[in-house]
Amino acid sequence: MVTLMQVKSEEKKASLPQKSNFSEWYNEILLTGEIMDVRYPVKGLYVWFPFGFDVRKRTYAIMRELLDRDHKEALFPLLIPETEFMKEAEHIKGFENEVYWVTHGGTSELDIKLALRPTSETAIYPMYRVWVRSHADLPIKIYQIVNTFRYETKHTRPLIRLREITSFKEAHTVHCTWDEAAEQVKEAVHIYQEFYRRLAIPTIVSKRPDWDKFPGADYTMAVDTLMPDGKTLQIGTAHHLGTNFAKTFDIKYEDLNGEQQYAHQTCYGISERSIAALISVHGDDKGLVLPPEVAPVQVVIIPVLFGKSEEITEACRSVALRLKTKGLRVELDESDERPGAKYYKWEMKGTPLRLEIGPRDLKNNAVTVVRRDTGSRETVPFDSIEYEVENKFGDITRNLFEKAERSLNERITRCGTLEEVKHAISEGIAGIPWCKERECGLAMEEAVGAGILGIPEGELGLGSGICPVCKKETLSMAIMAKTY
RNA sequence: GGGGUUGUAGGGUAGCCUGGUCCAUCCUAUGGCGUUCGGGACGCCGUGACCUGAGUUCAAAUCUCAGCAACCCCA
């Protein structure tokens, strides 16, 4: 009898593979956690479930909140004429193998093919040419949240490597000087760090090596995080475009002296990879774990009924109403299931707090509160439930961030040799001295079979050592990792 | 870029090698009714599938080819 029970419970648990088997866990949780339906019959295209879309909506609301401080949201067309798309040589080289083309209108062939935007520089900058007249028009800071298309030839993966990126937030700014644009790149990185801090996701910022920058940029700053399987995920980039695009798209302003000057530009983007990170960094063997700010349901109330239990139902409804009045997203689960089944269900969905109200609680004039992030269970007075819940939200986000940060730091290894790097990158990120020379960097990548993310900002990028290739002394530390 | 494996109810699987036993197995899910309810309840009655196309054959879930899709490994 006991063994039968054990077998049965193992079968149930097997509905979500363990997180230690990250690849399977990831694929499965998207479906079971109702984030995305991966069964759409076109490679690299996936469907947002309503629940997942809700998480997305709340995540992007944070993004909008941060950008709306001094950006304007706009919307540019999906289709870009070939004539505009083909203007910037570097840019074309970077994207030409990934572009979807619209070649026909109905049955007639188009005179000028139309590209489905893989990113929107070439859609936006012809308009910037028209909009920018004088230094008084600058800076311009515009963003849009759109879908983009890239014909990925590598293995596609939901939320991570897509043929349709459904949630591309791209900002495009125009400035008078190179330095102002550089300042904007810094500002963009700060915004992204704040964004990820709100999602309780720790990040590493680094300047990408020259061979890995955005096609057409002077340089690229990138925000990475570490996934459970030890690979890094690039979850945000900011590019200094210099005057490269201004020259090809003829974006000029009249300066204080009445002279025509090329404008300096930046662009920076974040995609639904942010959601991939959110799910992967916090989730566990039981399912999603969501920070309260983005959880579609923040509090679930489970009545524990015995016999005729109208009092319990009453108490649950009253608590639900009180919490809703406080503006919280509350769900009272009155479905006809046993409490245990409901616990599993809401844990899978990452609901930050679960309240249980049963006869015992009623007798003690109390509510049982269970945290999703720690599993801790405590009893709090019925009358102070609002206070207790709101208080715990802060604790949960803080705990999620600290836990994730600890886990990230534990998997960063400072190395002295490429052999050590090889070993370190099977677990996470390796730090290694690097002279910053291109040939040495490429040799290092070749030798260990992983990428150089760049020289990270902060302490991580400092330290003296010897470049493993040219053996010169250097003060900069690069980080290397297997990447998505 | 190269190689491999796979495609059967909403999900996971058995059957395929050796064509006919299969209007297809088991678990789960799901609809109805009743009894239940402090960590995945139980009973009864129901629902639901052979990826697409072509070929071989008296006969195809099973064999062949192509397409689409998924997964894994290497670079």
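Quick note on labels: first sequence line is chain A, next is B, and so on, each numbered from 1.
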hbond_proxy [X] side chain to [N] base (donor-acceptor, 3.5 Å cutoff):
X	N	value
A:Thr153	B:G1	no
A:Arg354	B:G39	yes
A:Glu347	B:G39	yes

In whole angstrom, what separates [X]'s [atom1] from [N]'s [atom2]?
X	N	atom1	atom2	result
A:Ile302	B:G40	CD1	P	13 Å
A:Leu30	B:C71	CG	P	11 Å
A:Met348	B:A29	CE	P	13 Å
A:Lys43	B:U6	NZ	P	19 Å
A:Lys154	B:G1	NZ	P	10 Å
A:His155	B:G1	NE2	P	14 Å
A:Phe22	B:C72	CZ	C1'	16 Å
A:Arg338	B:C42	CZ	P	8 Å

Separation between the [atom1] atoms of [N] and [M], rounded to whole Å:
N	M	atom1	value
B:G2	B:C63	C1'	28 Å
B:U52	B:C68	P	16 Å
B:U18	B:A60	C1'	14 Å
B:A9	B:G53	P	16 Å
B:U6	B:C26	P	25 Å

Stacked cation flag A:Lys231 on A:Tyr484, 6.0 angstrom / 45 deg | yes
Taking the side chain of [X] as its heavy atoms from C-beta onward, which of [options] lies nearest to it?
X	options	result
A:Tyr344	B:G40, B:C37, B:G10	B:G40
A:Ala341	B:G40, B:G10, B:G38	B:G40
A:Pro339	B:G39, B:C37, B:G11	B:C37
A:Lys286	B:A41, B:G39, B:U36	B:G39

Categorize [X] for me: base, sugar-phosphate, or nothing, with a 4.0 angstrom heavy-atom threshold over every strand shown.
X	result
A:Gly44	sugar-phosphate
A:Pro303	nothing
A:Glu24	nothing

Between A:Glu272 and A:Arg56, does at least one N-O distance fall below 4.0 Å, as a salt bridge requires?
-> no
Please determine if A:Glu84 and A:Lys87 form a salt bridge, counting it only when a charged side-chain N lies under 4.0 Å from a carboxylate O.
-> yes
Could you tell me whether the phosphate oxygens of B:C72, OP1 or OP2, come under 4.0 Å of any side-chain nitrogen or oxygen in A:Ser23?
-> yes
Give a yes/no on whether any side-chain N or O of A:Arg39 is located under 4.0 angstrom from OP1 or OP2 of B:G11.
-> yes
Is there a Watson-Crick or G-U wobble partner for [N] with both distances under 3.5 Å, and if so, which one is it?
N	answer
B:C44	B:G32
B:A14	none
B:C63	B:G55
B:A70	B:U5

Which heavy atom in A:Ile312 sits nearest to a heavy atom in A:Gly358, and how many Å separate them?
-> CD1-C, 3.8 Å
Identify which one of A:Lys392, A:Arg371, A:Arg354 satisfies the salt bridge (charged side-chain N to carboxylate O under 4.0 Å, His left out) criterion when paired with A:Glu378.
-> A:Lys392
On the 0 to 90° scale, with breaks at 30° and 60°, tag the A:Phe85-A:Trp101 ring pair as parallel, tilted or perpendicular.
-> perpendicular
Taking for each residue the nucleotide of RNA chain B with the nearest heavy atom, is it A:Leu31 or A:Glu356 whose nucleotide lies nearer the 5' end?
-> A:Leu31
Closest-nucleotide 5' rank along RNA chain B - winner of A:Tyr343 and A:Tyr46 | A:Tyr343
Ring centroid separation for A:Tyr100 and A:Tyr151, is it under 6.0 angstrom?
-> yes
